[in-house]
*Asks:* 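I'd like to ask you about the structure that follows.
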Amino acid sequence: MQMSSFFKAALIGLAVSFTTIPTVSNAETLKVVRGAPSAALKVPMNRAVVVESEEPYGQLSIANPDIADTTPLSNKSIYVLGKTPGRTTLTLLDDAGGLIANVEVQVTPDVAEFKERLRQILPGEHIEVRTANDGIVLSGTVSSTAKLDRALDLANRYAPDRVSNLMNVGGTQQVMLKVRFAEVQRSVVKELSASFGVAGNDVQSETGTWLGSGILNPGAHIPAPGAVTRTGISGATRLGFTMGSVQFGVLLEALETKGLVRTLAEPNLTALSGQEAKFLAGGEIPIPVAQDNNTITVDWKEFGVLMTFTPRVVDGDIINLRMEAEVSGIDTTQSFQVGDNFTVPAFRTRKTSTTVEMRDGQSFAIAGLLQDDFRDQINQIPWLGDLPVLGALFRSTNYRRDQSELVIIITPHLVTPTRGEALALPTDRVRPPSEKELFIGGKTAMPKGPAGEVARQDFNASYGYVME
């Protein structure tokens, strides 16, 4: 009978241990004495703490059972289980209803488990974890913003929307962006036309572009052969001959124009991780803007080489880069007139926007921004311009082709500030000349310092920017 009672008691104790009393590692114990103020009882969430009373209690109550739960172990000891973060009060009464003690119970997130998980996920990071009220406070220094985000995300799992971030990001967090803009423009224009004119005492006729309307009049003389230098006509040669009183003239125009333009800008910008930097090499032009009250205001339009970038150091030397680049210029051929006083210009614009991720010192290129414009035009007299050979005298042919290509090369670097003495300016190489050097020696600038020795060198070979 005694063995049966022993086994029943053991089974009941085992069931209670698995249902109502969780396993406690490093459980704290709070002793309560009648008449003495008791310290606050801090209970981690989903953990239990033992409260021991020096006097037997007859009744106990918890103010908010949703925050903490209680399980009597004996008439002097109680298990307090933390359920949700918050504060509540545990009241102990004796058999006569007298107050033994009011114990303040503070349920906080389980930072012990959180610290363990933090060490597993982010080894080597110096992060300090504390509790404040019902939240978690993180402090210390992490090596990158990516690890900072991971720590905050993990902390929100234990204390949703109750995480205070006091951490700092160590390492280099400033990014210098080295950008090279290169644009090549090529244009080819070819023109070929012929004109024929006849003049006599009573007749006058001309075709094509001759010398302009009204130049040949009855009785007029066709100019002698030779090069035409009249305004508006270039690359032209005229031929003339006379048959009796009738003069004949032929005007041949052949013109070929070629042009090559290269623009280059190499800005170096430095920005803090997560901050925006902007660069403009060009200018601003006023644009008239009509208002509702029949007035005109002026707005300023930027043009030239414009770049905006926002770097973000992700982890170590990995840089996330969001960049917008634009190359624009004024196009006077597309401008239009507004009223009698304003001319609104047009703009040729090429822009790109991208987000890339790379390591310190790596480069990427934005190329293929190719524009190819082609146009040919033939003006001729109907039917006569279609005649073999002779038809060339009655038509004008114009050919034009414009090509341009823009290449942008981006290279980010992680940088730190340096001493001002280590930086050199272009003006450090020269100094203003004295009056003797200027008036007698004819020197406009004199070398100065060690950097000035470079200015003394004679660069006979090719130097500067080389593009292939």
*Asks:* I want to check something: taking the side chain as every heavy atom from C-beta on, are Glu266 and Val179 in contact at a cut-off of under 4.5 Å?
*Replies:*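 A side-chain contact is absent here, since even the closest heavy-atom pair is not under 4.5 Å.
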*Asks:* Any non-hydrogen side-chain atom of Val314 less than 4.5 Å from a side-chain atom of Glu357?
*Replies:*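 The answer is yes; the side chains approach within 4.5 Å.
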*Asks:* Going by atom types only, do Ser139 and Arg130 share a side-chain donor-acceptor pair under 3.5 Å?
*Replies:*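 The criterion, which ignores hydrogens and geometry beyond distance, is satisfied for Arg130 and Ser139.
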*Asks:* Are Met358 and Pro412 close enough that some pair of their side-chain heavy atoms sits under 4.5 Å apart?
*Replies:*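 Side-chain contact under 4.5 Å: yes.
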*Asks:* Are Lys301 and Glu284 close enough, and set up right, to give a salt bridge (charged side-chain N to carboxylate O under 4.0 Å, His left out), and what steps lead you there?
*Replies:* CA-CA 5 Å; Lys301 167 69 176 178; Glu284 296 183 348; over 6 Å; no
*Asks:* Is there a side-chain contact (heavy atoms from CB on, under 4.5 Å) between Glu276 and Thr308? Walk through the geometry before answering.
*Replies:* CA-CA 7 Å; Glu276 183 183 275; Thr308 303; 3.3 Å; yes
*Asks:* Can you tell me if CZ on Arg180 sees more than 12 non-hydrogen neighbours from other groups inside 6.0 Å?
*Replies:*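 It does not: Arg180 CZ has 12 such atoms or fewer within range.
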*Asks:* Start with the C-alpha distance between Glu125 and Lys147, add both sets of side-chain angles, then the distance that settles salt bridge (charged side-chain N to carboxylate O under 4.0 Å, His left out), and finish with yes or no.
*Replies:* CA-CA 9 Å; Glu125 298 296 331; Lys147 294 181 179 179; 3.1 Å; yes
*Asks:* Hey, are Ser363 and Thr411 close enough side-chain-wise for a donor-acceptor pair under 3.5 Å?
*Replies:*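 There is such a pair (donor and acceptor under 3.5 Å, judged by atom type) between the side chains of Thr411 and Ser363.
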*Asks:* Describe, in one word, how the ring planes of Phe374 and Tyr399 are oriented to each other, choosing from parallel (under 30°), tilted (30 to 60°) and perpendicular (over 60°).
*Replies:*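 Aromatic pair Phe374/Tyr399 classed perpendicular.
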*Asks:* On a heavy-atom basis, which atom in Val43 and which in Gly82 lie closest, and how many Å separate them?
*Replies:*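 Val43 and Gly82 have their closest heavy atoms at CG1-N, 3.4 Å.
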*Asks:* Evaluate Asp360 against Lys178 for salt bridge (charged side-chain N to carboxylate O under 4.0 Å, His left out), listing each step before the verdict.
*Replies:* CA-CA 11 Å; Asp360 178 17; Lys178 182 179 180 181; over 6 Å; no
*Asks:* Before you tell me yes or no, could you show the steps for Leu414 and Val175 under side-chain contact (heavy atoms from CB on, under 4.5 Å), namely the whole-Å CA-CA distance, both residues' side-chain angles and the distance that decides it to 0.1 Å?
*Replies:* CA-CA 5 Å; Leu414 294 175; Val175 179; 4.0 Å; yes
*Asks:* Is there a side-chain contact between Asn165 and Leu148 (heavy atoms, below 4.5 Å)?
*Replies:*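 The answer is yes; the side chains approach within 4.5 Å.
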*Asks:* Taking the side chain as every heavy atom from C-beta outward, state whether Phe364 and Leu321 have any atom pair closer than 4.5 Å.
*Replies:*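 SC-SC contact between Phe364 and Leu321 confirmed.
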*Asks:* Can you tell me how far the CG atom of Leu152 sits from the CD1 atom of Ile127, to the nearest 0.5 Å?
*Replies:*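 The CD1 atom of Ile127 is 8.5 Å from CG of Leu152, to the nearest 0.5 Å.
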*Asks:* Determine, stepwise, if the pair Leu154 / Arg150 fulfils side-chain contact (heavy atoms from CB on, under 4.5 Å).
*Replies:* CA-CA 6 Å; Leu154 182 62; Arg150 294 173 193 169; over 6 Å; no
*Asks:* Would the number of heavy atoms belonging to other residues, nucleotides or ligands and lying under 6.0 Å from CZ of Arg157 be above 12?
*Replies:*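 Result for CZ/Arg157: open.
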*Asks:* Any donor and acceptor pair, going by atom type alone, linking the side chain of Thr310 with main-chain N or O of Gly274 inside 3.5 Å?
*Replies:*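 No; zero donor-acceptor contacts below 3.5 Å.
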*Asks:* Any donor-acceptor pair under 3.5 Å linking the side chain of Ser273 with the backbone of Val313?
*Replies:*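 Yes: the side chain of Ser273 pairs with the backbone of Val313.
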*Asks:* First locate atom CH2 of Trp300, then atom CD1 of Ile285, and finally report the distance between them rounded to the nearest 0.5 Å.
*Replies:*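 One finds 9.0 Å between CH2 of Trp300 and CD1 of Ile285.
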*Asks:* Donor-acceptor pair, Gln275 side chain versus Leu272 backbone, under 3.5 Å?
*Replies:*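 Checked: no pair found.
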*Asks:* Would you compute the distance between atom CE of Met176 and atom NE2 of His413 and round it to the nearest 0.5 angstrom?
*Replies:*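 Spacing of CE (Met176) from NE2 (His413) equals 5.0 Å.
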*Asks:* With side-chain contact (heavy atoms from CB on, under 4.5 Å) as the test, would you mind laying out the steps for Phe114 and Val129 before giving the verdict?
*Replies:* CA-CA 9 Å; Phe114 172 61; Val129 182; 3.6 Å; yes
*Asks:* Look up atom CD1 in Ile67 and atom OG1 in Thr89, then write down how far apart they are to the nearest 0.5 Å.
*Replies:*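 If I round to the nearest 0.5 Å, the distance is 9.0 Å.
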*Asks:* Side chains of Glu405 and Gln403: do they bring a donor and an acceptor to under 3.5 Å?
*Replies:*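 No, no side-chain donor-acceptor pair sits under 3.5 Å.
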*Asks:* In terms of side-chain heavy atoms, does Gln291 have a donor or acceptor partner in Thr297 at a distance below 3.5 Å?
*Replies:*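 Distance-only check passes for Gln291 and Thr297.
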*Asks:* Quick check: do Thr349 and Glu326 have side-chain heavy atoms less than 4.5 Å from each other?
*Replies:*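 In contact.
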*Asks:* Does any non-hydrogen side-chain atom of Met45 lie less than 4.5 Å from one of Pro85?
*Replies:*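 A side-chain contact under 4.5 Å exists here.
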*Asks:* Work out which heavy atom in Ile366 is nearest to a heavy atom in Thr352; give both atom names and the distance.
*Replies:*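 Nearest heavy atoms, Ile366 then Thr352: CD1-CG2, 3.9 Å.
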*Asks:* Please identify which of these residues, Leu177, Leu280, Val327, meets the side chain to side chain contact (heavy atoms under 4.5 Å, CB included) condition with Met307.
*Replies:*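 Among the candidates, only Leu177 passes.
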*Asks:* Would you say Val298 and Val289 make side-chain contact, with heavy atoms under 4.5 Å?
*Replies:*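 In short, these two side chains do not touch, never coming nearer than 4.5 Å.
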*Asks:* Work out which heavy atom in Arg350 is nearest to a heavy atom in Ser404; give both atom names and the distance.
*Replies:*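 That closest heavy-atom pairing would be NH1-OG, 3.4 Å.
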*Asks:* To the nearest 0.5 Å, what is the distance between OG1 (Thr355) and CD (Glu324)?
*Replies:*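 Going from OG1 on Thr355 over to CD on Glu324, the span is 8.5 Å.
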*Asks:* So, taking the atom named NZ in Lys278 and the one named CG in Leu269, what distance separates them when rounded to the nearest 0.5 Å?
*Replies:*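 Atom-to-atom, Lys278:NZ and Leu269:CG are 12.0 Å apart.
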*Asks:* Donor-acceptor pair, distance only, cut-off 3.5 Å: does the side chain of Arg348 make one with the backbone of Ile330?
*Replies:*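 Yes; at least one donor-acceptor contact below 3.5 Å.
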